[in-house]
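These notes concern the structure reproduced below.
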Protein chains: 2
Amino acid sequence: MLQRPDPFNAQCPTRRVLDRIGDKWAVLILILLEQETLRFNELRRRIDSISQKMLSQTLKSLERDGLISRRAFATVPVTVEYALTPLGRTLAGTVAELTRWAEEHIGEVEDAQRRYDRGEVAA
Amino acid sequence: MLQRPDPFNAQCPTRRVLDRIGDKWAVLILILLEQETLRFNELRRRIDSISQKMLSQTLKSLERDGLISRRAFATVPVTVEYALTPLGRTLAGTVAELTRWAEEHIGEVEDAQRRYDRGEVAA
DNA sequence: CAGGATCCGAGTCGATACTG
DNA sequence: CAGTATCGACTCGGATCCTG
C-alpha cells in the first residue's frame, strides 16, 4: 500500500524508531548526553521532574537500542557513566533539528491555539 | 539552568511541541497529508489501525496547533477535507528527516538489540 | 460521511521501600 | 551511588452506539 518501508499498518521497525523518539524522556536524555557524559544521578538532577524509575527504564532501553553506552566503575560507591554511542550521536543531531523547529515556530503554534480557542476556524 | 528555552524542568512550550511529535498518530497524519489532501474516512483507511476516536481527536489537536486545516463542504453526505497548512508543511519536512534516519539506521538498532538481548554489554 | 458520547480494560507512571 | 521490586492511581485508547 506504500512504497516506503511503511510506518503504517504494523509494528514495522521504522515505526518502532519513531515511537522511541516519541518518548519524552528519551529525547531529553539524548540532548543532555550530546553535550557531555553524565552519571545516573547527574541525569536525574538535570531532568529534575523525572522519576528514578523512568530514568533507569529509559536508559536501559536506549542502551538496548545501541544509542547510549553504559560504563560502570568499581569505585567505593559505584559510579556509572552514560554516553552517546556514535549511532546515538547521529540521532541526537536529527532530533536537534526538531527542537530547532519547535523553538522557531512555537510562537505561530501558540497563536493558532489562541485563535482556535476563541472559536475562529482560520483559513 | 540552561541556555536554550529549556525543554526541561517544565511545561515549557518547546516541550509541548516535542510531545506533539511524540504522538504516533499525529506523525502519520502529517506524512500522509504532505502528499495530498484527504477526507476523514480516507485517512482512516490509509492508517488502517487507527480508531475513529483517535483520528478525530488527533485531527482536532493538529488543527488547533495550526498544522492542518479543515474544510467542510455542504454536500449531501457531508464532505470534509484535511490539508497541511504552510506551518504544518515545514514541520512535515523536519519529521521526514527523522523517518529517513529511521530507515537508514534501523538495521544497526536491531543488531544492537539482538546483541543486548544475548547478554552482551557492547563497547 | 464525519464525528460525538460512553464505557471499560490494559498499560503507564509516580511514590515508596529496599539492595549491593 | 545506582539501581530493583512492588503497588496503586491515573490515563490512554479501542469498541460500541448514536446523530446531523
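Letters A, B, ... mirror the listed sequences (proteins, then strands); counts begin at 1. Keep in mind that the numbers below use all heavy atoms, side chains included, and drop hydrogens, waters and symmetry copies. On a predicted model such as this, the values are computed, not experimentally measured, just so you know.
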Quiz prompt | side chain to side chain contact (heavy atoms under 4.5 Å, CB included) partners of A92(A), counting only residues at least two apart | solution = E34(A), L84(A)

Quiz prompt | Under the side chain to side chain donor-acceptor pair (under 3.5 Å) test, residues paired with S51(A) that sit two or more places apart | solution = none

Self-check item: With sequence neighbours excluded, residues passing salt bridge (charged side-chain N to carboxylate O under 4.0 Å, His left out) with E110(A)
Solution: none

Quiz item: Taking atom C1' of dC1(D) as reference, at what distance in whole Å does atom CD of E42(A) sit?
Solution: 11 Å

Quiz item: What's the CZ-P distance between R44(A) and dA2(D), to the nearest Å?
Solution: 10 Å

Self-check item: Axis-to-axis angle between the two ends of the helix from dC1(C)-dG20(D) to dG20(C)-dC1(D) (five base pairs per end, rounded to 10 degrees)
Solution: 50°

Practice problem: Would you give a per-nucleotide map of nucleotides 14-20 of chain D, 5' to 3', where B means the base has a protein non-hydrogen atom under 4.0 Å away, S means only the sugar-phosphate does, and - means neither? | Solution: BBB---B

Self-check item: salt bridge (charged side-chain N to carboxylate O under 4.0 Å, His left out) partners of R20(B), counting only residues at least two apart
Solution: D23(B), D65(B)

Self-check item: Partners passing side chain to side chain donor-acceptor pair (under 3.5 Å) against S56(B) (at least two apart in sequence or in another chain)
Solution: none

Self-check item: For E97(B), salt bridge (charged side-chain N to carboxylate O under 4.0 Å, His left out) partners two or more places apart
Solution: R100(B)

Self-check item: Pairwise side-chain contact, Y82(B) with T37(B), heavy-atom cut-off 4.5 Å (strictly under)
Solution: no

Practice problem: Whole angstrom is fine here: how far is it from CD in Q57(B) over to P in dG13(D)? | Solution: 7 Å

Quiz prompt | Between dC1(D) (P) and E81(A) (CD): distance, integer Å | solution = 14 Å

Quiz item: CD1 of I47(A) versus C1' of dA2(D): gap in Å, rounded?
Solution: 15 Å

Quiz prompt | Any side-chain heavy-atom pair of K24(B) and L18(A) under 4.5 Å | solution = no

Self-check item: For D19(A), salt bridge (charged side-chain N to carboxylate O under 4.0 Å, His left out) partners two or more places apart
Solution: none

Self-check item: Which residues share a side chain to side chain donor-acceptor pair (under 3.5 Å) with T90(B), sequence neighbours left out
Solution: W101(A)

Exercise. Using the heavy-atom set of chain B and a strict 4.0 Å cut-off, write down the first and last nucleotide of DNA chain C that makes it in, 5' to 3'.
Key: dC1(C) to dC7(C)

Practice problem: Indicate, with a heavy-atom threshold strictly under 4.0 Å, whether Y82(B) touches base, sugar-phosphate, or nothing. | Solution: sugar-phosphate

Exercise. Please identify each residue that fulfils side chain to side chain donor-acceptor pair (under 3.5 Å) with R114(A), with sequence neighbours left out.
Key: D111(A)

